[in-house]
Amino acid sequence: MHKDDSELLMAFNDEATKENAFGLILKKYQERLYWHIRRMVASHEDTNDVLQNMFIKVWKGLHNFREDSQLYTWLYRIATNECLTFLEQQKKRSSLSMTEMEESLGNKIKADENFDASRLEWQLQIAIQKLPERQRLVFNLRYYDEMPYQEMSKILETSEGALKASYHHAAKKIEEYFKSH
Amino acid sequence: MKQEENILNNHGDTENFLKGFPMEMPYVVPEGYFNTLNNQILNRIQIEEERTSLIPALNGIDKKMPNTIPKDYFENLKIKPRKQATIIKINYFRQIVAAAVIIGVLFSTIAIWNAQNKTDFSKEVSKIKTEDLLNHLDTAEVPYSSTDSDDINIQGISETQENLQLASDEDLQEYINDNIETPYNNEDI
């Protein structure tokens, strides 16, 4: 049974229970964060790298966390930043343009051993990977995580209005993708 | 602002469009991944804390190698498998025959080589004109003198000893009587 976040934070700040509390936080949020990252980077191996790096940062910074925001909002923000950093590094390493990067992510989806081009779920993933990074983030958080714009604005540090506009643009692009394919 | 308002007014249409799409993700996570993730992360944290406490100077240095690899190196990397050496089974008798043939060929080669390079001294001498040989003997220096050679003296002594053994006592007495002169007369003393 999951403990309350504030209880977990108290336990984390006590050296005797720190590791155990960290394990419980990890267990509580790992799946949600995994999927948030996987939707952005597509492959499991990349997701695993980003998720592990993200939780190491959480371990290092959690003692500084102030409870003026919710723990999961803070975790999502770290995960989002790690994703964007990872994608940026990939672009630099392969000297890819934005369009080539979207193409590369599309290829990663197609390389998945379970990929089935006839299934709507996979087609949607390819359409999402063609969106610019920020629109992709907003779309995923709204569509899959059903996150309120208010929460999303804390994670992405963007106004609710701008997020709604982003979501709308993303949805329109996806609609156009399906009409043309 | 107007653009944002228009977007928000049309928001319902796009929401309706997306309602027909599935919510589930098609990706698959390796079995047991989430059960082992906790330990994997804690191990990494332990290693990282150990590293930073032992060598603080390494803090903040990226562990990734700064070297670059040519583009698509690993994609194009092909390792040709080595051809395995074939082992030919030869029975014992064949081994002996093979060894004998090799030895035979070796000896024949040496014999032929020797025969080709051997000089027949008598044949070579017969090719020389008699005049040339006589000239050579006249002009050639004698390598040693019989008078100052110990070898010749030794040879002469041994021949004399052999002759003395063959001669009878009578012959020896006769030889002494005929040849030995008395060096002085007793009467002179």
Side-chain angles (χ1 to χ4, degrees), chain A residues 19 22-27 30-31 33-35 38-39 42-45 47-48 51-56 58-60 89 93-95 109 112-116 119-125 127 139-140 142-144 146 159 161-162 164-175 178-179, chain B residues 1-53 56 59-60 62-75:
Chain A
E19 206 170 296
F22 183 75
L24 291 171
I25 292 168
L26 207 144
K27 213 166 196 171
Q30 62 182 5
E31 283 200 46
L33 292 165
Y34 173 89
W35 287 113
R38 180 113 192 227
R39 283 176 206 127
S43 86
H44 168 75
E45 286 72 24
T47 307
N48 183 39
L51 187 66
Q52 289 200 21
N53 290 340
M54 178 238 147
F55 270 113
I56 287 167
V58 170
W59 171 270
K60 287 176 182 171
Q89 282 173 346
R93 263 187 219 142
S94 343
S95 27
I109 294 171
D112 194 297
E113 57 181 313
N114 300 304
F115 178 73
D116 181 354
R119 279 172 60 195
L120 208 55
E121 299 97 299
W122 284 107
Q123 288 174 22
L124 180 59
Q125 286 310 305
F139 186 84
N140 285 335
R142 182 70 181 169
Y143 185 77
Y144 288 108
E146 297 180 333
S159 72
K164 282 176 189 173
S166 271
Y167 183 69
H168 174 80
H169 282 304
K172 275 281 170 205
K173 281 180 187 170
I174 289 168
E175 193 178 4
F178 275 95
K179 278 177 185 170
Chain B
M1 283 298 284
K2 270 190 178 178
Q3 196 188 357
E4 201 166 288
E5 276 172 22
N6 287 336
I7 288 164
L8 294 175
N9 289 336
N10 294 327
H11 204 59
D13 298 340
T14 47
E15 288 277 297
N16 285 334
F17 164 75
L18 289 168
K19 271 181 186 171
F21 282 92
M23 289 287 284
E24 62 268 24
M25 291 292 294
Y27 298 121
V28 175
V29 184
E31 212 181 317
Y33 171 72
F34 290 115
N35 297 331
T36 58
L37 185 64
N38 187 13
N39 284 340
Q40 279 184 50
I41 292 170
L42 285 172
N43 280 344
R44 273 193 63 183
I45 289 167
Q46 200 178 3
I47 291 164
E48 201 147 307
E49 287 194 336
E50 190 181 81
R51 184 170 57 92
T52 49
S53 62
N59 289 354
D62 199 338
K63 275 201 290 181
K64 279 172 187 154
M65 291 294 289
N67 314 63
T68 52
I69 304 165
K71 203 181 172 188
D72 299 334
Y73 170 72
F74 290 110
E75 283 77 8

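Each chain gets a letter, A, B and so on, in the order the sequences are listed, and its residues count up from 1. Please read all numbers here as calculations on a predicted model, not as lab measurements.
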*Asks:* Between W35(A) and Y27(B), what is the ring plane arrangement, given parallel below 30°, perpendicular above 60°, and tilted in between?
*Replies:* parallel

*Asks:* Strictly distance-based, threshold 3.5 Å: is any side-chain N or O of Q30(A) a donor or acceptor partner for the main-chain N or O of L37(B)?
*Replies:*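 Answer holds: no.
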
*Asks:* By a 4.5 Å heavy-atom criterion (distance strictly below it), what part of Y143(A) contacts chain B: side chain, backbone, both, or neither?
*Replies:*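 Contact with chain B: backbone and side chain both.
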
*Asks:* Answer whether the closest heavy-atom distance between the side chains of E48(B) and I56(A) falls below 4.5 Å.
*Replies:* yes

*Asks:* Where on E49(B) is there a heavy atom nearer than 4.5 Å to chain A: the side chain, the backbone, both, or neither?
*Replies:*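 Only the side chain of E49(B) comes within 4.5 Å of chain A.
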
*Asks:* Please confirm whether the backbone N or O of M25(B) pairs with a side-chain atom of R39(A), one donor and one acceptor, at under 3.5 Å?
*Replies:* no

*Asks:* Once rounded to the nearest 0.5 Å, what's the spacing between atom CZ of F34(B) and atom CG of L26(A)?
*Replies:*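 F34(B) CZ to L26(A) CG: 10.0 Å, rounded to 0.5 Å.
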
*Asks:* Most heavy-atom pairs under 4.5 angstrom with chain B, which of E113(A), Q125(A), E19(A), Q123(A)?
*Replies:* Q125(A)

*Asks:* Non-hydrogen atoms of chain B under 4.5 Å away: do they reach the side chain of E146(A), the backbone, both or neither?
*Replies:*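 The side chain, not the backbone.
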
*Asks:* To the nearest 0.5 angstrom, please state how far the NZ atom of K27(A) sits from the CG atom of N35(B).
*Replies:* 7.0 Å

*Asks:* Show your working on side chain to side chain contact (heavy atoms under 4.5 Å, CB included) between W59(A) and I41(B) and close with a plain yes or no.
*Replies:* CA-CA 10 Å; W59(A) 171 270; I41(B) 292 170; over 6 Å; no

*Asks:* Do N48(A) and Q40(B) have side chains that get closer than 4.5 Å, going by heavy atoms?
*Replies:*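 Yes. Closest side-chain heavy atoms under 4.5 Å.
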
*Asks:* If you draw a 6.0 Å radius around CD in Q46(B), do more than 12 non-hydrogen atoms from other residues or ligands fall strictly inside?
*Replies:*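 No, because the 6.0 Å sphere around CD of Q46(B) holds 12 heavy atoms or fewer from other groups.
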
*Asks:* Does the side chain to side chain contact (heavy atoms under 4.5 Å, CB included) test come out yes or no for H44(A) and V28(B), once each step is laid out?
*Replies:* CA-CA 8 Å; H44(A) 168 75; V28(B) 175; over 6 Å; no

*Asks:* Where is the tightest heavy-atom contact between N53(A) and R44(B), given as atom of each residue plus distance?
*Replies:* OD1-NH2, 2.8 Å

*Asks:* Using salt bridge (Lys or Arg N to Asp or Glu O under 4.0 Å) as the criterion, list what pairs up with E121(A), not counting sequence neighbours.
*Replies:*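 R119(A).
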
